[in-house]
J.: 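A single structure is presented below for examination.
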Amino acid sequence: MSSLLRPIGTRRRLLQLGVGLLLSGASLAGAPGASWAEAKAGQEPASSKEQLALADHLKRQGVLFYGAWWCSHCQHQKALFGSPAQERLPYVECDKDDSGRQRCNAAQVRAYPTWDYKGERREGVLSLEELKLWSAFPGKTSGSR
C-alpha cells in the first residue's frame, strides 16, 4: 500500500468518527449540562410543577414541537422538561413512520427541533424561558418581578 493512501484512510476514519460523535450527541466543546447528562443516562430529573404547567400550556396554546427520535437536540429539548412533563409536550414525531414523515413534509419542517406557534417558526433547542416568553405563559419568568 502506498504511503500516500494512509493519510487519506486516516482522514476518512477521523471524519467517520466526527460524524459518529455528532450523531450521538457527544460534545467536543465541553461537558453538557447536568439535565442533559442525566437524560443521556436514562435518569431524567422529575418535572417541577412549573415544567408540567408549561408543557400543558404549550399544548393548550396550539404550539407544535416537531422532532425526530434519532435527533440528539430533540432529546435535549425534551430533557429540559424532565419526566413526566416531556410526555405532555405537543410533540410531532417526524421520522418513525410514513404518516409522521408526510405530516412534517406537509408542514415544511426543515430542521429538528422546530417549534411552531401561530404560524411563527423557531428552529433549534429553546430554553424554558424562551418558550414561556414566546407563548405568553402566565407564570413568572426569570425576567419578571
J.: Set out, in order, the CA-CA distance, both residues' side-chain angles and the distance that settles side-chain contact (heavy atoms from CB on, under 4.5 Å) for Asp97 and Gln102, then state yes or no.
T.: CA-CA 9 Å; Asp97 56 37; Gln102 290 172 2; over 6 Å; no

J.: To the nearest 0.5 angstrom, please state how far the CZ atom of Phe81 sits from the OG atom of Ser47.
T.: 9.0 Å

J.: Should Glu123 and Pro113 count as side-chain neighbours, where that means a heavy-atom distance under 4.5 Å?
T.: no

J.: One thing to verify: whether Glu50 and Lys132 come together as a salt bridge, which I'm taking to mean a side-chain N less than 4.0 angstrom from a carboxylate O.
T.: yes

J.: Heavy atoms, side chains only, cut-off 4.5 Å: are Leu80 and Val125 in contact?
T.: yes

J.: Are the side chain of His76 and the backbone of Cys71 linked by a donor-acceptor contact shorter than 3.5 Å?
T.: no

J.: Kindly determine whether Gln77 and Trp115 satisfy side chain to side chain donor-acceptor pair (under 3.5 Å), including the steps that lead there.
T.: CA-CA 11 Å; Gln77 182 71 76; Trp115 289 89; 3.2 Å; yes

J.: Could you give the distance from CG (Leu54) to OG (Ser135), rounded to the nearest 0.5 Å?
T.: 6.0 Å

J.: Would a distance-only check, ignoring hydrogens and angles, find a side-chain to backbone donor-acceptor pair under 3.5 Å from Gln51 to Ser48?
T.: yes

J.: Within this structure, what is the CD-OH distance for the pair Glu93 and Tyr66, rounded to the nearest 0.5 Å?
T.: 13.0 Å

J.: Does any N or O in the side chain of Ser83 come within less than 3.5 Å of the main-chain N or O of Ala46, such that one atom is a donor and the other an acceptor?
T.: no

J.: Are the side chain of Gln61 and the backbone of Leu58 linked by a donor-acceptor contact shorter than 3.5 Å?
T.: no

J.: Is the shortest heavy-atom distance from the side chain of Asp95 to the side chain of Trp70 under 4.5 Å?
T.: yes

J.: Restricting to non-hydrogen atoms, name the atom on Trp134 and the atom on Tyr117 that form the minimum distance, rounded to 0.1 Å.
T.: O-CE2, 3.2 Å

J.: Could you tell me which non-hydrogen atom of Cys74 sits nearest to which non-hydrogen atom of Gly67, and how far apart they are?
T.: SG-CA, 3.5 Å

J.: For the side chain of Gln75 and the backbone of Trp69, is there at least one donor-acceptor N/O pair under 3.5 Å apart?
T.: yes

J.: Return the CZ to CG distance between Arg122 and Leu131, rounded to the nearest 0.5 Å.
T.: 8.5 Å

J.: Would you call Lys59-Asp56 a salt bridge at under 4.0 Å N-O?
T.: no

J.: Mind checking the CD-CG spacing from Gln86 to Leu52? Nearest 0.5 Å is all I need.
T.: 11.0 Å

J.: Quick one: does any side-chain atom of Arg88 pair with a main-chain N or O of Ala55 as donor and acceptor, under 3.5 Å?
T.: no

J.: Using atom types as modelled and distance alone, determine if a side-chain donor or acceptor of Thr114 lies under 3.5 Å from a backbone N or O of Val109.
T.: no

J.: Rounded to the nearest 0.5 Å, how far apart are CG of Leu128 and CG of Leu133?
T.: 11.0 Å

